[in-house]
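Labels below follow one simple rule: chain letters A, B, ... track the order of the sequence lines, proteins then strands, and each chain is numbered from 1. Nothing here was measured: the structure is a model prediction, and the numbers come from that model.
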There are 2 protein chains.
Amino acid sequence: MKPDARDRLIEGTRELLWERGYVGTSPTAILSRSGVGQGSMYHHFAGKPDLALAAEQRSAELMQQQIVDAFAVKGTAFERISGYLGRERDVLRGCSVGRLTADPDIMADEKLRAPVRETFEVLHENLRRTIAEGVAAGEFADDLDTDEIASTIAAVIQGGYALARAAQAVAPFDRAVRGVLSLLRASARP
Amino acid sequence: MKPDARDRLIEGTRELLWERGYVGTSPTAILSRSGVGQGSMYHHFAGKPDLALAAEQRSAELMQQQIVDAFAVKGTAFERISGYLGRERDVLRGCSVGRLTADPDIMADEKLRAPVRETFEVLHENLRRTIAEGVAAGEFADDLDTDEIASTIAAVIQGGYALARAAQAVAPFDRAVRGVLSLLRASARP
DNA sequence: GTCTATAGCCCGATAGAC
DNA sequence: GTCTATCGGGCTATAGAC
């Protein structure tokens with residue numbers, strides 16, 4: 001079954017937002033990538049912001065599902081966190097949701113920002129809960145602030161992408177992840 | 001003394017690149033912000049990429065100077081690192097250099113990417129050296145990988161900006177910074 | 001050095017046929 | 001639902017006067 005025009009438009013917009021952001025994505029480019037005609041696009045969507053919102057929502061949904069799945073596995077808290085950090089990623093491509101934080105037109109609009117905000121909230125809550133479980137199990141130091149460490153880990157991922165892109169190499173991302181995991185593991189020593 | 005047209009053009013471009021990135025910044029907007037005429041712009045610069053390069057170089061120079069200054073102060077390694085992380089920042093505005101990593105047109109061009117790459121190299125080296133000094137002084141665990149921790153700290157800063165923008169609040173940045181500092185301090189315990 | 005005028009193109013969106 | 005034609009405007013850049 002060939003995906004329908006509406007679906008192809010969302011997927012094409014999603015890819016372009018990921019690569020080039022909102023200002024860098026034109027309806028013409030979306031049509032070209034989706035293989036859909038102009039009339040079709042304005043039939044299914046009111047315009048560029050409407051299409052961008054649908055694409056964002058799909059990216060957010062996919063990302064949130066990956067997060068929930070990654071933290072639902074069996075294992076210690078450390079294993080689940082390191083499993084999420086080490087899961088397969090196209091590091092130089094970066095994060096389809098995190099990319100949008102660089103776009104002022106998206107950040108300035110409550111509706112367009114909502115999927116980004118919600119996705120980071122889901123990530124934060126999964127990290128925080130897992131860290132709390134690790135503290136309860138004696139894996140981590142019991143004086144850890146779970147909200148702080150959750151934010152630290154989320155920041156390492158997003159910032160790791162930035163370092164990797166600046167270097168055009170995956171190594172800085174991998175180093176940043178190994179570094180935070182080594183600090184987290186060491187916190188249990190006393 | 002009124003700054004000359006060339007200087008005002010660079011500063012206007014620098015601000016716009018910071019706020020809106022390369023694709024989001026038009027020569028027209030640069031003229032409007034700089035209060036300079038069109039003929040003047042094309043007299044001083046070959047075009048948009050040339051002007052962007054000059055603006056990037058100024059941002060990189062300012063950032064590198066701030067980094068060098070912040071790590072040149074007296075104090076323990078931990079104090080210098082926490083001093084750099086806690087220095088005054090306009091968190092929601094983000095990093096004038098790190099912002100550029102989101103721009104594919106800049107990342108794809110070796111010349112335009114160079115100032116970004118070099119600035120992160122300077123930050124990494126200052127962090128790495130300071131961490132090594134802290135390990136030598138017994139402040140930090142002696143099994144820390146200094147390159148990894150340096151990348152982790154740099155990533156926390158850049159990623160912290162992304163989290164803050166997604167939430168339109170400074171709190172996630174501050175939490176991420178406090179978290180990584182608490183892990184770093186705890187590493188000395190054994 | 002700085003000005004105004006203009007080129008040629010692509011932008012986001014609409015109209016109306018089929 | 002999808003097509004083609006077209007709009008008004010902003011884009012990056014050049015021309016040529018002063």
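- Residue pairs satisfying the side-chain hydrogen bond (donor to acceptor under 3.5 Å, both in side chains) criterion with at least one member in residues 161-175 of chain A, sequence neighbours excluded, are listed as follows: Arg89(A)-Tyr161(A), Arg175(A)-Ser151(B).
- Within residues 38-47 of chain A, the residues approached by DNA chain C to less than 4.0 Å at the level of any non-hydrogen atom are Gln38(A), Tyr42(A), Gly47(A), in residue-number order.
- Counting to the nearest Å, the P atom of dC11(C) and the CG atom of Asp105(A) are 16 Å from each other.
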Extract from the structure each pairing of a protein N or O with an N or O of nucleotides 7-11 of chain D at less than 3.5 Å, listing the distance.
from	atom 1	to	atom 2	distance (Å)
dC11(D)	OP1	Ser26(B)	OG	3.1
dC11(D)	OP2	Thr28(B)	OG1	3.2

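- Among all heavy-atom pairs drawn from Leu112(A) and Val116(A), the shortest one is O-CG2, 4.3 Å.
- Between Glu110(B) and Arg113(B), at least one side-chain nitrogen of the basic residue sits less than 4.0 Å from a carboxylate oxygen of the acidic one, meeting the salt-bridge criterion.
- Arg8(A) places its CZ atom 12 Å from the C1' atom of dT2(D), with the value rounded to the nearest Å.
- Contact between Ile149(A) and Ser182(B) at its shortest, heavy atoms only, is CD1-OG, 3.9 Å.
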Notebook entry, point to check: Should Glu11(B) and Arg8(B) be marked as a salt bridge (Lys or Arg N to Asp or Glu O under 4.0 Å) after you check the CA-CA gap, both sets of side-chain angles, and the distance that decides it?
Noted result: CA-CA 5 Å; Glu11(B) 193 54 33; Arg8(B) 296 217 305 281; over 6 Å; no
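- The CG atom of Leu31(A) sits 15 Å away from the P atom of dT14(C) (whole-angstrom rounding).
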Which atom pairs, one a donor and one an acceptor, fall under 3.5 Å between side chains of residues 91-102 of chain A and the rest of the protein, sequence neighbours left out?
from	atom 1	to	atom 2	distance (Å)
Arg99(A)	NE	Ala102(B)	O	3.3
Arg99(A)	NH2	Arg20(A)	O	3.3
Arg99(A)	NH2	Ala102(B)	O	3.2
Thr101(A)	OG1	Gly98(A)	O	2.7

Can I get a per-line list of side-chain donor-acceptor pairs under 3.5 Å for residues 44-53 of chain A, giving both atom names and the distance, sequence neighbours left out?
from	atom 1	to	atom 2	distance (Å)
Lys48(A)	NZ	Tyr22(A)	O	2.9
Lys48(A)	NZ	Thr25(A)	O	2.8
Asp50(A)	OD2	Ala46(A)	N	3.0

Tabulate below the donor-acceptor pairs under 3.5 Å that side-chain atoms of residues 131-138 of chain A make, not counting sequence neighbours, or state none.
from	atom 1	to	atom 2	distance (Å)
Glu133(A)	OE1	Arg80(A)	NH1	2.8
Glu133(A)	OE1	Arg80(A)	NH2	3.2

